[in-house]
Amino acid sequence: MALKCNLKLRMQFIDELNDSQRSAVAYNDGPLLVIAGAGSGKTRVLTYKIAYLLTQGIPAGHILALTFTNKAAREMKQRIIRLVGEDVARYLWMGTFHSICARMLRAEAEYIGFTRDFTIYDAADQKSLVKKIVKDLHLDDKIYKSGVVLSRISSAKANFVSPEQYAHSESFAKVDRLERLYKMASVYAEYNRRLKAANAMDFDDLLLYTVLLLREHADVRERYQQRFWHVLVDEYQDTNHTQYLIVKLLAEPQNHICVVGDDAQSIYSFRGATIENILTFQNGYQGAKLFKLERNYRSTQNIVNAANSLIHKNKGQIYKEVYSEKEEGERLHLTGYSNDREESASVARQILSLHRLNKRDYEDIAILYRTNAQSRSLEEEMRKFGIPYRIYGGMSFYQRKEIKDAIAYFRLAANVSDDEALERIVNVPKRGIGATTIARVREIALHDNIPMLRVMHNPEAYTGEISAATGRKLQAFAGMIQEFARQMQELPAFEFAQLVLNQSGLMNDAAQDTTAEGIDRKANLEELLSGVRQYAEDRLGQGEDTRITDFIHEVSLLTDQDEGLDDTTSRLTMMTVHAAKGLEFPIVFVVGLEENLFPSPFCQNESELEEERRLLYVAITRAEQECYLTYAKSRWKNGQINFSNPSRFLSDIDRRYILQLSAPSSEPSPWIEMPLQPSPSPRSLKPTTGLRPKTEQQTVASEWKTGDRIDHKVFGQGTVQRVYRENENEKIEIDFDTKGTKTLLLAYAKLIRI
DNA sequence: TGTCTCATTTTTTTT
DNA sequence: AAATGAGACA
């Protein structure tokens, strides 16, 4: 068996690796730093490195590989399985820092004063907690804005700075003084205290507590050090100081460590990532060997050269000259438009033309932008032109209100101290427990230092503060949760989820609501149930029944990159540049290349500007064959028109590699007809966030009837032809006088009654 | 307590 | 343009 793998691998060594890649894979004499230029086969090196170690007889369970996304981990594992077979690769420790840390922390929870069912607070939980703290400490919420406070806390945690150290840190205090955040250290301390009281961690805590665990407990540390014979880290340029400490603690004392990264692609410093980790690697690991991968296998020469000319405007990087030996290729196309609508429309038109005339697959095309908000106008134009698309980011399934509510019930049953989950659902569906009551319960809980649920269990103890009538409601709720907590131990995940959705009234509440949203909510809850069932089935055969806690733990670490892409239609991809990291497409459009957008208006100092430049470098180097750059002279932003100049980065790119085009006329090219078929598939359309029913501004199809005159943002004025239902989505068919075409719009299409 | 209306704010990227 | 939050009122 081993021999067979060895042979197989050896053949692929010869076929698929170049000299530098091969040396990096086979080097086994100490710490290893691989600087891998864009498209130079970084993932391939890691994959082969791991496969190589496996064929050397290192058991999979002794190899730890840390990646940036769950998706990257999954894909790498698949590739390794293809090289060495599943039975060899199955036990690899492979995942994001966060998921691996969570796994260790749950196993060792009691060492750090948590239980193994601790909750991971998401961004919404964090925000609501910070708001409460700011209020309780009588601070001004205009100054202590939740976003600002959280980014300060996150930055402290990314640098492994405790609240005590924060209070004495001159560098943190200096920044805080500028923002008048004099009490930041107290807010941070209280925030941590309450997370711990709730048996909860935020994302940064997963890393931070792992360091504490390993540092404070020699027995645990040694156990893991003995488990991980080899530690490999992908995207090392985007790790923060806390992650550096984790890696160091795990890799010692043998330091069989291999990190791979590209300083030119470091784009997460806003999240605490520090390029220092890569720059000083050789100081931290004595005798570390450096390999550089400089040959780009992805893009044409023009694309690589253009990207190089851009990135060379940055100072302070590890010197490397990325080159391509592919064909010269087309120059980058640069086009300016008078406004964002024209930009979107022209991109859509060009994509339609690439598809129809050049026979390009939609799957081969991506549109990248700086901010998620830019997707909206692009989305409208794609629908107008009947181009199938997929948008990453924005609101995902697990962020929908009804799903978060359902999961909050699960969370509370699993962790009765989870006050954020409790506050979320204590009155959903309505139980007559209002804000005043909740505030009182919170106050008591805080004072007695117990979970809110405990207070609700025996309200008689607080007769002065809680009336008997209210007390009964609280007790009923607490009793229900207690019952859930009990059932959770006995029932398998799916049965439990079903029970909770029914007995909590969530499902019923959605079913009663016959508006389009109600129908959607019910469908989503059912989808959640089938998701739970699917999850449980996938894990069956491991012996035990899957519990709901396994499901929530997994879900709380999911990102929208990880969501099911089970449809097979060829679709155009739209995403932020950040989300595109690590991906590649034959054709890439980078839109919105303007001052005050890309680079972002928020960054003022030179180093932040350099990060934006690296971001554009990442964007351009996603392209294999063709790259289109666009900007608009004016753009809608916060309900206002903004005028701006082309991005300064455009002049950083050597003119030799750019083909500047004048904006085409806004009329459609004669050879491209408007599509006859309705474009969007229901799945790809997400309801607008926080859609409120029955307001004047937004409306749903069910509220329209045949003959209504309407005005649509894109299509202009028209008449409603008919309203009907299909696949749980209501559709409305409209005849637009101005265009003379019939078009289908989804229920959530934005319509204005005349 | 719940619902409706009006005013204010928004500044990016995400595990 | 749209989401959030505070205040009025039933």
Side-chain angles (χ1 to χ4, degrees), chain A residues 66-73 95-102 120 122-124 126-128 131 135 141-142 145-148 150-151 154 157-158 201-207 235 238-240 242-243 266-273 368-374 376-377 392-396 399 427 430-439 467 469-470 473 556-562 575-581 592 596-604 608 611-612 614-616 618-619 636-642 688-698 713 750 752:
Chain A
L66 297 162
T67 60
F68 195 71
T69 62
N70 293 304
K71 190 178 166 215
T96 60
F97 272 92
H98 294 85
S99 61
I100 298 285
C101 286
I120 299 172
D122 68 11
Q126 291 178 284
K127 201 172 153 191
S128 114
K131 281 184 181 168
K135 203 171 209 171
D141 61 3
K142 291 280 183 322
K145 292 180 194 162
S146 58
V148 175
L150 281 167
S151 91
S154 176
K157 291 184 175 179
M201 297 192 190
D202 64 19
F203 273 92
D204 299 304
D205 282 338
L206 294 172
L207 308 176
E235 308 283 11
D238 288 320
T239 53
N240 61 37
T242 306
Q243 287 167 315
S266 151
I267 54 175
Y268 278 96
S269 78
F270 71 91
R271 214 170 72 188
L368 308 182
Y369 34 79
R370 180 64 183 79
T371 66
N372 279 309
Q374 289 167 261
R376 193 169 236 128
S377 71
Y392 288 85
M395 191 157 61
S396 68
Q399 290 175 315
N427 203 28
K430 299 264 183 295
R431 298 190 175 90
I433 304 174
T436 329
T437 308
I438 298 171
S467 75
T470 313
K473 293 183 202 162
S556 54
L557 289 169
L558 278 187
T559 63
D560 33 64
Q561 295 278 309
D562 300 317
M575 57 169 79
T576 62
V577 182
H578 282 91
K581 189 171 86 152
N596 295 320
L597 181 62
F598 201 166
S600 158
F602 181 72
C603 65
Q604 287 309 320
E608 286 176 320
E611 174 146 325
E612 296 281 315
R614 291 194 293 270
L615 194 56
L616 182 56
V618 168
W636 280 89
K637 208 175 180 183
N638 294 341
Q640 274 190 328
I641 282 189
N642 278 62
T688 328
T689 52
L691 194 79
R692 290 190 204 180
K694 293 174 201 158
T695 65
E696 273 301 312
Q697 299 166 320
Q698 290 165 325
K713 219 172 161 183
K750 201 168 139 186
I752 297 160

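Letters A, B, ... mirror the listed sequences (proteins, then strands); counts begin at 1. The model shown is predicted, which means the values in this text are computed figures rather than measured ones.
- Ring geometry, A/Phe68 versus A/Tyr268: the interplanar angle falls from 30° to 60°, so the pair is classed tilted.
- Candidate nucleotides B/dT15, B/dT14, C/dA1 were compared by shortest atom distance to the side chain of A/Trp636, and C/dA1 ranks first.
- When heavy atoms are screened at a 4.0 angstrom cut-off, A/Phe68 is found touching the sugar-phosphate backbone but no base atom.
- Mapping A/Glu611 and A/Ala435 onto DNA chain B by nearest heavy atom places A/Ala435 at the nucleotide closer to the 5' end.
- The distance between atom CZ of A/Arg376 and atom C1' of C/dA2, rounded to the nearest whole Å, is 8 Å.
- Among the protein residues, A/Tyr268 comes within range of the sugar-phosphate backbone only, with heavy atoms under 4.0 Å from sugar or phosphate atoms but none that close to a base.
- By the 4.5 Å heavy-atom criterion applied to side chains, A/Asn642 and A/Trp636 are not counted as neighbours.
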Please enumerate all protein N or O atoms sitting under 3.5 Å from an N or O of nucleotides 9-12 of chain B, with distances to 0.1 Å.
unit_1	atom_1	unit_2	atom_2	d
B/dT10	OP1	A/Lys145	NZ	3.2
B/dT12	O2	A/Arg370	NH1	3.1
B/dT12	O2	A/Arg370	NH2	2.1
B/dT12	O2	A/Ser600	OG	3.4
B/dT12	N3	A/Ser600	OG	3.4

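- Residue A/Ser99 is classed as having no contact, given no heavy-atom separation below 4.0 Å to the nucleic acid.
- At the heavy-atom level, A/Lys127 lies nowhere under 4.0 Å from the strands shown.
- Distance, A/Asp202 CG to B/dT14 P: 18 Å, rounded to whole Å.
- Remark: the A/Thr96 side chain and the A/Ser99 side chain contain an N/O donor-acceptor pair separated by less than 3.5 Å.
- Atom CG in A/Leu558 sits about 16 Å away from atom P in B/dT14, given to the nearest Å.
- Scanning for side chain to side chain donor-acceptor pair (under 3.5 Å) contacts around A/Asn240 gives an empty result, with sequence neighbours left out.
- Per the geometry, CZ belonging to A/Phe598 stands 12 Å off P belonging to B/dT13, to the nearest Å.
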Next on the checklist: Is there a salt bridge (charged side-chain N to carboxylate O under 4.0 Å, His left out) between A/Asp238 and A/Arg271? Walk through the geometry before answering.
Outcome noted: CA-CA 9 Å; A/Asp238 288 320; A/Arg271 214 170 72 188; over 6 Å; no
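- Shown are A/Asp205, A/Asp204, A/Thr242; of these, the side-chain hydrogen bond (donor to acceptor under 3.5 Å, both in side chains) with A/Lys157 is made only by A/Asp205.
- Within 4.0 Å (heavy atoms only), A/Asn596 reaches no atom of the nucleic acid at all.
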